[in-house]
Number of protein chains: 2
Amino acid sequence: MTVATDQKLEQAREEFVAQWGALGTQWGINRTMAQIHALLMTSPHPMCTDEVMESLAVSRGNAHANLKELVNWGLVRMIVVKGDRRDFYEGEKDVWQIFTIIARERKRREIDPALALLNKCAEETKDLKGAEAKVFHNQMKQLEEFVSFASKMSDRVSSMRHGLAIQLATKILG
Amino acid sequence: MTVATDQKLEQAREEFVAQWGALGTQWGINRTMAQIHALLMTSPHPMCTDEVMESLAVSRGNAHANLKELVNWGLVRMIVVKGDRRDFYEGEKDVWQIFTIIARERKRREIDPALALLNKCAEETKDLKGAEAKVFHNQMKQLEEFVSFASKMSDRVSSMRHGLAIQLATKILG
DNA sequence: TCACATTTTCATTATTTACTGAAAATTCGG
DNA sequence: CCGAATTTTCAGTAAATAATGAAAATGTGA
């Protein structure tokens with residue numbers, strides 16, 4: 001029975017890892033990074049580089065680069081096991097933490113640069129006189145206002161505690 | 001003066017189009033599609049394929065494919081000008097519309113498949129007995145719950161009228 | 001300081017994704 | 001129907017991105 005359970009669990013976990021990797025692609029993060037994330041998020045123990053490599057059948061360089069990136073994001077922590085020279089890695093398991101980390105990163109990469117561009121374009125055209133220029137400037141302002149709004153929302157929600165966010169969401173959905 | 005204004009406007013618009021294209025890359029949509037979107041979103045008139053091709057210096061096939069995709073998304077409408085056999089294209093200009101369209105598409109591509117996966121993995125492990133299986137199943141449930149939440153929120157916000165959304169947002173930010 | 005274990009880098013290769021341009025299909029006035 | 005204008009497709013190519021694997025660098029205990 002334990003053997004059967006172990007097998008089914010391993011199977012489910014493998015599917016999760018594989019598919020989460022495929023999803024990562026849609027999210028603009030590469031397959032290996034998403035797979036490692038899935039692996040560590042569902043690992044009962046911290047893993048070393050070789051375990052990750054074997055588990056996913058990827059090269060050392062690939063495993064290394066993506067572990068590093070995940071640590072950068074804050075989705076994975078490096079763990080030192082005393083008496084062992086290898087680095088171990090442990091995935092963040094708290095769902096709200098995972099969400100806020102990803103939200104922050106996406107904001108940084110997707111919202112902030114857009115806002116900068118819209119600011120610039122609105123600024124450059126604010127004194128122009130023609131009718132077309134007015135229309136263009138107005139469009140930039142509208143976009144800017146909206147994106148700035150989104151930016152603030154994102155910050156606000158990301159900095160909430162889990163419980164508060166749930167409360168808020170309940171209000172919206174209710 | 002009008003000439004100077006026209007030049008500055010054209011310059012600002014060109015920058016916007018180019019940079020919006022670069023941003024599109026981060027958003028997971030290809031450069032050309034994002035550029036056409038920017039172009040049409042700021043065009044005072046509907047444009048035909050050849051105008052788009054010339055404006056962005058891309059091939060007919062490329063312009064065609066991406067215009068089609070934008071029409072699919074609903075970010076661009078096809079316009080028939082009588083007495084002219086060419087198809088013209090007009091970009092959606094309303095910022096809230098643009099947002100809801102993009103939000104819906106992202107939900108479809110990013111949230112829905114994740115939810116399906118999490119459902120499946122939670123289901124497959126719900127009767128397993130071992131301690132590790134319990135932990136895994138619990139993790140899937142937490143993720144599922146969260147993503148399902150996000151999904152409902154997305155639906156709810158996307159289906160709001162602009163005014164209502166602003167009201168809500170004001171409450172959150174205030 | 002040396003030998004060994006481990007991490008890190010990076011030039012090369014593979015894979016994926018986007019684009020081109022020309023040919024085929026379609027549409028429409030005459 | 002015919003022929004010109006336009007749209008659509010798609011095989012081939014180019015560009016961008018990701019992964020490999022081996023070599024170099026780093027760290028460590030003896």
Side-chain angles (χ1 to χ4, degrees), chain A residues 17-40 46-73 76-90 105 109-110, chain B residues 17-40 46-73 76-90 105 109-110:
Chain A
V17 170
Q19 290 297 114
W20 197 256
L23 285 176
T25 293
Q26 305 286 1
W27 278 66
I29 74 178
N30 75 52
R31 189 185 316 279
T32 303
M33 183 168 158
Q35 285 184 333
I36 297 177
H37 177 225
L39 193 66
L40 294 179
M47 297 173 79
C48 67
T49 306
D50 290 74
E51 285 178 289
V52 171
M53 284 167 62
E54 199 207 2
S55 203
L56 301 178
V58 298
S59 71
R60 183 173 304 282
N62 194 8
H64 175 76
N66 286 293
L67 281 165
K68 207 166 116 188
E69 187 69 0
L70 283 163
V71 169
N72 255 353
W73 281 43
V76 163
R77 275 178 296 276
M78 240 181 78
I79 299 283
V80 176
V81 173
K82 77 172 166 183
D84 196 326
R85 283 168 63 171
R86 294 168 298 178
D87 293 340
F88 284 79
Y89 299 92
E90 171 182 78
E105 186 64 24
R109 297 201 299 176
E110 300 179 359
Chain B
V17 170
Q19 290 296 115
W20 197 255
L23 286 176
T25 293
Q26 305 286 1
W27 277 66
I29 73 178
N30 75 52
R31 190 184 314 279
T32 305
M33 183 166 155
Q35 285 184 334
I36 296 178
H37 177 226
L39 193 65
L40 293 179
M47 297 174 78
C48 66
T49 306
D50 289 75
E51 284 178 289
V52 171
M53 286 167 60
E54 199 206 3
S55 203
L56 301 177
V58 298
S59 71
R60 183 174 303 282
N62 194 9
H64 174 76
N66 285 295
L67 281 166
K68 206 166 118 187
E69 186 68 359
L70 283 164
V71 170
N72 254 354
W73 281 42
V76 164
R77 276 177 294 276
M78 240 180 77
I79 298 284
V80 176
V81 173
K82 77 171 170 184
D84 197 326
R85 281 169 65 173
R86 292 168 300 176
D87 292 339
F88 284 79
Y89 299 92
E90 171 181 78
E105 185 65 23
R109 297 201 298 175
E110 298 180 0

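All values derive from a computational prediction rather than experimental measurement. Numbers restart at 1 for each chain; the letters A, B, ... are given by sequence-line order, proteins then strands.
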Taking only residues at least two apart or on different chains, which pairs with a member in residues 20-37 of chain B satisfy salt bridge (Lys or Arg N to Asp or Glu O under 4.0 Å)?
none
Test: salt bridge (Lys or Arg N to Asp or Glu O under 4.0 Å). Region: residues 57-66 of chain A. Which pairs qualify, not counting sequence neighbours?
Asp50(A)-Arg60(A)
Starting from C1' on dT9(C), measure out to CD on Glu69(A) and report it in whole angstrom.
16 Å
Please enumerate all residues that pass side-chain hydrogen bond (donor to acceptor under 3.5 Å, both in side chains) together with [X], with sequence neighbours excluded.
X: Trp27(A); result: none
X: Gln19(A); result: none
X: Ser55(A); result: none
X: Asn72(B); result: none

Under the side chain to side chain donor-acceptor pair (under 3.5 Å) rule, what pairs show up with a residue in residues 78-88 of chain A, not counting sequence neighbours?
Asp84(A)-Arg86(A)
Which of these, Asn62(B), Val52(B), Val58(B), sits in a side chain to side chain contact (heavy atoms under 4.5 Å, CB included) with Ile36(B)?
Val52(B)
Do nucleotides 9-25 of chain D as a string where each nucleotide becomes B, S or -: B if the base has a protein heavy atom under 4.0 Å, S if just the sugar-phosphate does, - if no protein is that close.
B--------SSBB----
Please list residues of residues 78-89 of chain B whose heavy atoms come under 4.0 Å from any atom in DNA chain D, ordered by number; otherwise none.
Arg85(B), Arg86(B), Asp87(B)
